[in-house]
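Have a look at this one before I ask anything.
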Amino acid sequence: MTNTSLRRVLHVGSGTLLFAIPLGSWSLLRSALAALVFVALIIDAARITSPRFGSRVANLMPVFRPYESSRLSGATFLCVGYFLAAAFPEPAPVAGILVSALADPAAAVAGGWGRKSAEKTLQGSLAALVVATGILTALRLPLLAVLGGACTGAALERWSGPLDDNLLMAPGVTMIVWLMA
């Protein structure tokens with residue numbers, strides 16, 4: 001499995017955190033996310049400040065992009081994004097976390113066909129929109145929440161600003177679904 005494929009599998013797999021709800025409760029999910037954020041920040045701090053530790057982590061889990069050697073990883077941003085989404089009243093965070101877990105990797109796959117660069121593409125954004133629409137429809141949300149949440153997810157996936165899309169997508173979609181549902 002390539003580094004890129006492993007990264008995508010882990011991203012999709014992150015949505016399984018939602019199993020904490022039926023197995024426990026929303027507070028279990030929120031506590032698990034808080035613990036994940038804490039652990040991810042500790043690992044990233046050690047990885048960034050100690051090149052030796054950083055190379056060991058990268059060898060153990062070869063999912064880091066070159067630019068992440070001096071900044072927080074996409075996984076840490078994803079954990080923080082999920083934690084922020086989980087702060088909203090339920091069940092809106094389910095929508096945001098699922099869209100982030102599934103639409104972002106779908107965009108990467110669709111946008112990466114036949115391309116060598118890491119630039120965001122229209123194909124990727126459309127894939128994110130389609131996947132997000134399917135997820136939000138399957139959750140039986142009102143049409144306005146489906147459209148607003150899917151468009152927000154696709155726009156935040158396309159985001160190329162200074163903040164990582166992993167940080168923005170889950171809470172952004174959650175907020176729109178919460179406001180429109």
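Excluded from the calculations below are hydrogen atoms, water molecules and symmetry mates; all remaining heavy atoms, backbone and side chain alike, are included. Remember, predicted model here, so these are calculated numbers, not experimental data. Note that the numbering runs from 1 along the sequence shown for the chain.
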Report all side-chain donor-acceptor pairs from residues 162-181 shorter than 3.5 Å, counting only partners two or more places apart or in another chain.
unit_1	atom_1	unit_2	atom_2	d
D164	OD1	N166	N	2.7
D164	OD2	R71	NH2	2.8
D165	OD2	K120	NZ	3.0
N166	ND2	G74	O	3.2
T174	OG1	A170	O	2.7

>> Hydrophobic clusters here meaning ILVMFWY residues chained together by side-chain heavy-atom distances under 4.5 Å, can you tell me if W159 and L78 are in one?
In response: yes
> With distance as the sole test, does R158 use its side chain to make a donor-acceptor pair with the main-chain N or O of T121 at under 3.5 Å?
Replying inline: yes
> Is the backbone N or O of S100 less than 3.5 Å from a side-chain atom of D104, with the two atoms forming a donor-acceptor pair by type?
Replying inline: no
> Which atom pair, heavy atoms only, marks the closest approach of F64 to S73?
Replying inline: CE2-CB, 3.7 Å
> Between S125 and A154, which heavy-atom pair has the shortest distance, and what is it?
Replying inline: O-CB, 3.8 Å
> Under 3.5 Å, is there a donor-acceptor pair between the side chain of S14 and the main chain of H11?
Replying inline: yes
> Where do G148 and T152 come nearest, in terms of heavy atoms and distance?
Replying inline: O-OG1, 2.7 Å
> Is it the case that more than 12 heavy atoms not belonging to F83 sit under 6.0 Å from its CZ atom?
Replying inline: no
>> Using side-chain heavy atoms (C-beta onward) and a distance below 4.5 Å, is L18 in contact with V94?
In response: yes
> If every non-hydrogen atom of P93 is compared with every non-hydrogen atom of A85, which pair is closest and at what distance?
Replying inline: CG-O, 3.2 Å
>> Looking at R8 and P105, would you say the former's side chain and the latter's main chain have a donor-acceptor pair under 3.5 Å?
In response: no
> So do the side chains of L36 and Y82 get within less than 4.5 Å of each other, counting heavy atoms only?
Replying inline: no
Quick one: side chains of residues 133-147, donor-acceptor pairs under 3.5 Å with protein atoms, not counting sequence neighbours, listed by atom name and distance.
unit_1	atom_1	unit_2	atom_2	d
T133	OG1	L129	O	2.7
T137	OG1	T133	O	2.7

>> Please tell me whether L10 and I97 are part of a single hydrophobic cluster in this structure, the criterion being side-chain heavy atoms less than 4.5 Å apart.
In response: no
> Can you name the nearest heavy-atom pair linking A106 to V131, along with the distance?
Replying inline: CB-CG2, 3.6 Å
>> Quick check: is V37 connected to L29 through a chain of hydrophobic side chains (ILVMFWY, heavy atoms under 4.5 Å apart)?
In response: yes
> Quick one: does S25's side chain have a donor or acceptor within less than 3.5 Å of a partner on I21's backbone?
Replying inline: no
> Rounded to the nearest 0.5 Å, what separation is found between the CZ atom of R56 and the CG atom of N59?
Replying inline: 9.5 Å
> Is a side-chain donor or acceptor of T49 paired with a backbone partner of A45 at a separation under 3.5 angstrom?
Replying inline: yes
> Which atom names give the shortest non-hydrogen contact between A107 and G124, and what distance separates them?
Replying inline: CB-O, 3.0 Å
>> Are L98 and V12 connected into the same hydrophobic cluster when the rule is that any two of I, L, V, M, F, W, Y join if their side-chain heavy atoms are below 4.5 Å apart?
In response: yes
> Is atom CH2 of W26 surrounded by more than 12 heavy atoms (other residues, nucleotides or ligands) closer than 6.0 Å?
Replying inline: yes
> Crowded around F38 CZ? As in, over 12 foreign heavy atoms under 6.0 Å?
Replying inline: no
> With a cut-off of 6.0 Å (strictly less than), are more than 12 heavy atoms of other residues, nucleotides or ligands near CZ of F19?
Replying inline: no
> According to the salt bridge (charged side-chain N to carboxylate O under 4.0 Å, His left out) rule, which pairs have a member within residues 19-45, sequence neighbours left out?
Replying inline: R30-E90, D44-R47
>> Hydrophobic clusters here meaning ILVMFWY residues chained together by side-chain heavy-atom distances under 4.5 Å, can you tell me if V80 and V39 are in one?
In response: no
